[in-house]
Engineer: 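Sharing a structure below in structure tokens format, with a few things to ask.
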Amino acid sequence: MSCDTDQLELRDHRFGRINRRMPIGPVQWPFHDLFWVHEGRVAIDFPELGAKLELVAPAGVLILPDTQFRGMTLGAFATASICHFTMTGEPTGPGYALPNPDEALHLQNLIRLAMHLARRDRPDELPRRKRLLLSLLDGFERGSVPAATTADEDRLTIAWTQAGQNLHRMRTLADVAALLGISESALRAMHRKARHTSAGEHLRELRLTRSEELLVSTDKSLATIAAEVGYGHAATLAAAFRKRRGKTPGQYRHWSNPFA
């Protein structure tokens, strides 16, 4: 982007948890909205554009001013941040931009630093915060708004819904691909083209999100939960959970039920 810090005006920068009882919008802001999912999955719908996104952490979207959107979590809850700002001299909406491929994790680290500086709210750090935001914006592709939903996207949605309802049978991506009658490599390519994410990461997130729900809402053992979400062993689930969530399943269960 050609914008400089003099063209930026920082507004809100917040972080929190959202759940199914707290839908997003519908809303249409007169400023830019950098929405980022740190944990979980969130669906964002752009009615005017005929486009839908499924954001699987770490992932986000830069929503341009005057763009109508709405959203909801796809699991029990998600943690997300927003950064609202105005940027003169840049195009307005309707429209949005997506992160550059394979840069999401690096962008998330920059967003966490931006939140840290926002919480300190020191006047002498305002120029630094603006420079950091410009660095973040460089990580988004301009003109990345997709066309209306394609037949492949509709097929993917149906297949992933079926997979999510039968995770105990989805041992590998090949099982998901079989729902579509295609090869595993074809599924990977189709998913990457339609969702801009990895099919393997998507399946992993389905398993972990369902694990979260079972940890919070039941007293089932880790071995039982692992079998229900498609892992062969409790240790495999525990390792994946800790790597992606930063907590062991036991710690997560206690954290989600602090009075248990």
Side-chain angles (χ1 to χ4, degrees), residues 18 24 33-46 49-63 69 71-81 95-112 136 138-165 167 170 172-180 182-212 229-230 240-241 243-246:
I18 53 178
I24 304 166
D33 182 359
L34 174 51
F35 178 81
W36 195 266
V37 181
H38 297 259
E39 285 184 285
R41 295 185 300 141
V42 175
I44 301 290
D45 179 26
F46 299 92
L49 303 173
K52 295 181 180 181
L53 296 178
E54 182 176 329
L55 303 177
V56 180
V61 58
L62 175 62
I63 303 171
F69 68 96
M72 62 179 293
T73 61
L74 295 176
F77 72 91
T79 55
S81 63
Y96 62 86
L98 297 172
N100 294 323
D102 304 320
E103 294 182 12
L105 190 58
H106 305 293
L107 290 174
Q108 178 160 286
N109 290 331
L110 292 177
I111 289 170
R112 286 176 174 170
L136 275 166
D138 279 340
F140 284 79
E141 292 183 323
R142 301 295 292 176
S144 56
V145 179
T149 303
T150 66
D152 280 351
E153 290 170 335
D154 290 339
R155 292 177 66 206
L156 271 176
T157 297
I158 293 171
W160 281 122
T161 299
Q162 292 176 340
Q165 294 169 347
L167 286 172
M170 302 294 114
T172 68
L173 277 177
D175 295 314
V176 181
L179 296 174
L180 291 164
I182 60 177
S183 67
E184 180 179 334
S185 60
L187 170 64
R188 289 181 184 275
M190 181 188 294
H191 185 94
R192 174 69 67 178
K193 181 179 180 180
R195 305 270 178 103
H196 306 281
T197 59
S198 157
E201 182 64 29
H202 186 82
L203 179 57
R204 184 182 301 111
E205 188 61 30
L206 284 178
R207 298 193 200 282
L208 295 181
T209 298
R210 181 58 181 153
S211 298
E212 289 175 337
V229 302
F241 200 97
K243 181 178 180 180
R244 299 291 170 173
R245 298 297 190 259

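When reading the values below, keep in mind they use all heavy atoms of this one structure, side chains included, and skip hydrogens, waters and symmetry mates. Along the sequence shown, residues are numbered consecutively beginning with 1. All values derive from a computational prediction rather than experimental measurement.
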Engineer: Compare every heavy atom of Asn100 with every heavy atom of Asp138, then report the nearest pair and how far apart it is.
Structural biologist: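 Nearest pair, atom of Asp138 first, then Asn100: O-ND2, 3.4 Å.
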Engineer: Within this structure, what is the CZ-CG distance for the pair Arg41 and Leu55, rounded to the nearest 0.5 Å?
Structural biologist: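 It comes to 11.0 Å.
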Engineer: Can you tell me how far the CD atom of Glu205 sits from the OG1 atom of Thr209, to the nearest 0.5 Å?
Structural biologist: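 Taking CD in Glu205 and OG1 in Thr209, the distance rounds to 4.0 Å.
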Engineer: Which atom pair, heavy atoms only, marks the closest approach of Leu179 to Ala159?
Structural biologist: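 In this case the closest contact between Leu179 and Ala159 is CD1-O, 3.6 Å.
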Engineer: Look only at the side chain of Arg207 and the backbone of Val229, and say whether a donor-acceptor pair between them is shorter than 3.5 Å.
Structural biologist: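 Looks like yes, one N/O pair under 3.5 Å.
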Engineer: Please give me the minimum heavy-atom distance between Leu203 and Thr172, naming the atom from each residue.
Structural biologist: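 The pair with the smallest heavy-atom distance is CD2-C, 4.1 Å.
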Engineer: Start with the C-alpha gap between Phe46 and Leu53, add the side-chain angles, then the distance that decides, and say whether side-chain contact (heavy atoms from CB on, under 4.5 Å) holds.
Structural biologist: CA-CA 8 Å; Phe46 299 92; Leu53 296 178; 3.8 Å; yes
Engineer: Can you find a side-chain donor-acceptor pair between Ser198 and His191 that sits under 3.5 Å?
Structural biologist: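 On atom types as modelled, these side chains do not qualify, holding no pair under 3.5 Å.
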Engineer: Side-chain contact, heavy-atom cut-off 4.5 Å: Ile44 with Tyr96?
Structural biologist: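 Counting from C-beta outward, Ile44 and Tyr96 never come under 4.5 Å.
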Engineer: Please walk me through it: do Val42 and Leu74 pass side-chain contact (heavy atoms from CB on, under 4.5 Å)?
Structural biologist: CA-CA 6 Å; Val42 175; Leu74 295 176; over 6 Å; no
Engineer: Please round to the nearest 0.5 Å and tell me the distance separating atom CG of Leu156 and atom CG of Leu187.
Structural biologist: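 The distance works out to 6.5 Å.
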Engineer: Of all the heavy-atom pairs spanning Gly60 and Pro99, show the shortest one and how long it is.
Structural biologist: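 The answer is O-CD, 3.2 Å.
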Engineer: Counting N and O atoms only, with roles assigned by atom type, does the side chain of Thr79 sit under 3.5 Å from a partner on the main chain of Glu39, one being a donor and the other an acceptor?
Structural biologist: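 Here the side-chain-to-backbone pair exists.
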Engineer: Once rounded to the nearest 0.5 Å, what's the spacing between atom CZ of Phe140 and atom CG of Leu62?
Structural biologist: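 CG of Leu62 is found 6.0 Å from CZ of Phe140.
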Engineer: Closer than 3.5 angstrom, by distance alone: can the side chain of Arg155 be matched with the main-chain N or O of Leu180 as a donor-acceptor pair?
Structural biologist: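 Between the backbone of Leu180 and the side chain of Arg155 there is a qualifying donor-acceptor contact (under 3.5 Å).
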Engineer: Between Asn109 and His106, is there a donor-acceptor pair closer than 3.5 Å when you use the side chain of the first and the backbone of the second?
Structural biologist: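 A pair under 3.5 Å: no.
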Engineer: Minimum heavy-atom separation for Ser81 to His38, with atom names?
Structural biologist: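 What the structure gives for the nearest pair is OG-NE2, 2.9 Å.
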Engineer: Sequence neighbours left out, what passes side chain to side chain donor-acceptor pair (under 3.5 Å) with Arg204? Give chain and number order.
Structural biologist: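 Glu201.
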Engineer: Considering all heavy atoms of both residues, which atom of Ala104 and which atom of Pro58 are nearest to each other, and what is their separation?
Structural biologist: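 Heavy atoms only, the tightest pair is CB-O, 3.3 Å.
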Engineer: Does any part of the side chain of Gln162, heavy atoms only, come nearer than 4.5 Å to the side chain of Ile158, both counted from C-beta?
Structural biologist: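 Side-chain contact under 4.5 Å: yes.
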Engineer: Please check this pair: side chain of Asp45 against backbone of Lys52, looking for a donor-acceptor N/O pair closer than 3.5 Å.
Structural biologist: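 Judged by distance alone, no pair lies under 3.5 Å.
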Engineer: Apply side-chain contact (heavy atoms from CB on, under 4.5 Å) to the pair Val56 and Val37, showing each step before the final yes or no.
Structural biologist: CA-CA 7 Å; Val56 180; Val37 181; over 6 Å; no
Engineer: Can you tell me how far apart CZ (Arg188) and NE2 (His202) are? Round to the nearest 0.5 Å.
Structural biologist: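 If I round to the nearest 0.5 Å, the distance is 13.5 Å.
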